[in-house]
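In this text, all values refer to a predicted model and were calculated from it rather than measured experimentally. Whatever order the structure lists ligands and atoms in, that order sets their numbers, starting from 1.
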Amino acid sequence: MDGANQSAVSEFVFLGLTNSRAIQLFLFVLSSTFYMASMMGNSLTVLTVASDPHLHSPMYFLLANLSFIDLGVSSLTSPKMIYDLFRKHKVISFRGCITQIFFIHVIGGVEMVLLIAMAFDRYVAICKPLHYLNIMNPKLCILFVLAAWMIGLMHSMVQLAFVVNLPFCGPNVLDSFYCDLPRLIKLACTDTYRLEFMVTANSGFISVGSFIILIISYIVIILTVQKHSSTGSSKALSTLSAHITVVVLFFGPLIFVYTWPFPSMNLDKFLAIFDAVITPTLNPVIYTFRNQEMKVAMKRVCRQLVSSRKIS
Ligand SMILES: *[C@@H]1O[C@H](CO)[C@@H](O)[C@H](O)[C@H]1NC(C)=O
């Protein structure tokens with residue numbers, strides 16, 4: 001983080017989402033509700049999978065990892081956004097800004113690889129059911145999780161390598177509610193055209209690439225389900241469409257933010273609310289609460305939590 005020393009800029013100013021009192025109030029209620037729901041839903045998922053030996057299988061481990069990551073996604077930008085909503089002067093330190101960018105890209109990368117791992121898990125379970133236990137063994141599962149963190153870390157470090165030494169000499173106003181590369185780079189006092197291209201290519205490639213892989217895998221799964229249409233197929237189809245909804249809601253805004261060519265229109269700023277606030281809350285709802293085994297285990301965990309509170 002040597003860039004902080006060379007730069008004249010020690011903090012950045014957010015313009016935030018809106019100046020309208022009514023919309024601020026609406027966003028405040030919406031974001032706080034979703035933030036609390038995400039914290040409770042995702043913690044409960046992690047706790048349930050960890051404490052129930054019946055759920056110690058690859059699918060549930062991946063689910064718990066996704067929930068763990070979603071706790072991070074929720075906490076990256078929304079607490080600061082909620083805190084800033086009604087403030088006139090919204091600032092973030094140079095260091096804070098770089099830290100936010102670092103974690104956004106680590107956690108975003110991990111989440112993408114985990115979503116792909118979960119699609120692969122469903123592919124094997126539905127298309128190769130007889131080999132499921134052989135293919136999705138605990139080793140492969142650990143490998144997926146390690147790969148997710150490695151890819152996330154590498155992606156983020158590459159992105160940051162581009163920006164830590166950029167000269168910031170004065171302009172420090174970001175028309176956004178969080179720090180991210182596309183807008184930050186534009187503030188640097190140098191010709192940033194090539195840098196913008198690199199950053200867009202890096203994030204665009206990883207997000208569009210993952211999105212295409214996911215959509216293709218779900219199409220293959222759906223075609224397989226329909227070919228062997230049996231009693232279970234309508235349930236499988238409803239599960240799959242729920243997964244696809246999550247994928248589209250997660251990647252849609254993301255791809256838009258990184259590849260939208262018209263920065264003068266602020267649509268991307270509002271779409272970013274989806275990934276900051278809404279999708280991390282939807283994952284436990286869609287992946288977990290629709291799952292019978294998981295629901296039973298969660299009720300047990302909740303009862304235990306309540307009764308241990310009564311005793312103490
Ligand atoms: C993530 O997955 C790994 C590998 O299966 C597992 O050992 C670990 O407990 C999981 N992490 C969480 C938070 O559930």
Side-chain angles (χ1 to χ4, degrees), residues 34-76 78-79 102-129 131-156 206 210 213-214 217 239 242-243 246-247 250 275-276 279-305 308:
F34 270 88
Y35 181 65
M36 283 189 294
S38 164
M39 283 297 156
M40 291 197 308
N42 286 306
S43 318
L44 187 60
T45 307
V46 172
L47 204 66
T48 306
V49 172
S51 67
D52 193 330
H54 298 293
L55 302 180
H56 287 184
S57 72
M59 185 181 104
Y60 292 110
F61 276 137
L62 290 176
L63 242 176
N65 274 280
L66 188 74
S67 275
F68 180 70
I69 277 295
D70 277 338
L71 288 171
V73 175
S74 295
S75 306
L76 276 174
S78 53
F102 176 74
F103 284 109
I104 284 177
H105 287 268
V106 173
I107 284 181
V110 177
E111 169 120 3
M112 281 180 206
V113 180
L114 283 181
L115 286 175
I116 293 176
M118 293 177 70
F120 180 76
D121 174 84
R122 286 304 85 202
Y123 167 79
V124 177
I126 292 172
C127 302
K128 309 233 180 298
H131 304 287
Y132 181 73
L133 289 178
N134 255 335
I135 299 176
M136 279 310 288
N137 54 33
K139 251 199 198 134
L140 183 67
C141 192
I142 291 172
L143 201 70
F144 268 133
V145 174
L146 281 180
W149 282 95
M150 296 289 286
I151 291 174
L153 277 168
M154 268 171 4
H155 162 73
S156 185
I206 188 168
S210 313
I213 293 176
L214 282 166
S217 10
T239 308
H243 282 213
V246 167
V247 166
F250 178 73
D275 280 329
T279 21
T281 316
L282 285 185
N283 286 350
V285 174
I286 286 183
Y287 288 106
T288 308
F289 298 146
R290 295 163 46 99
N291 176 320
Q292 198 53 41
E293 220 174 349
M294 203 60 201
K295 269 195 275 193
V296 173
M298 277 190 165
K299 278 192 195 126
R300 195 159 47 223
V301 168
C302 286
R303 264 201 305 274
Q304 274 164 5
L305 284 179
S308 69

Looking only at protein heavy atoms, identify the closest one to atom 5 (O) of ligand 1 and say how far it is in Å.
C141 SG, 3.4 Å

So which heavy atom in the protein is nearest atom 14 (O) of ligand 1, and how far is it from that ligand atom?
A64 CB, 3.1 Å

Side chain to side chain, M298 and L47, heavy atoms closer than 4.5 Å:
no

Right, does atom 7 (O) of ligand 1 have protein non-hydrogen atoms nearer than 4.0 Å?
no

Should we count NZ of K295 as having more than 12 external heavy atoms under 6.0 Å?
yes

Using heavy-atom distances only, which candidate in Y60, F61, F68, F144 approaches atom 13 (C) of ligand 1 most closely?
F68

Heavy-atom check, side chain of L153 versus side chain of F102, under 4.5 Å
yes

H56, NE2: over 12 other non-hydrogen atoms inside 6.0 angstrom:
yes

Which option out of L66, N65, L140 puts a heavy atom nearest to atom 3 (C) of ligand 1?
N65

Run the numbers for me: atoms of ligand 1, each under 4.0 Å from some heavy atom of V145, listed by number.
2 (O)

Is Y123 atom OH crowded by more than 12 heavy atoms from other residues, nucleotides or ligands, each under 6.0 Å away?
no

Hey, could you give me the CD/OG distance between E111 and S210, rounded to the nearest 0.5 Å?
11.0 Å

Suppose we measure from atom 4 (C) of ligand 1 to each protein heavy atom; which comes out shortest, and what is that distance?
I142 CG1, 3.6 Å

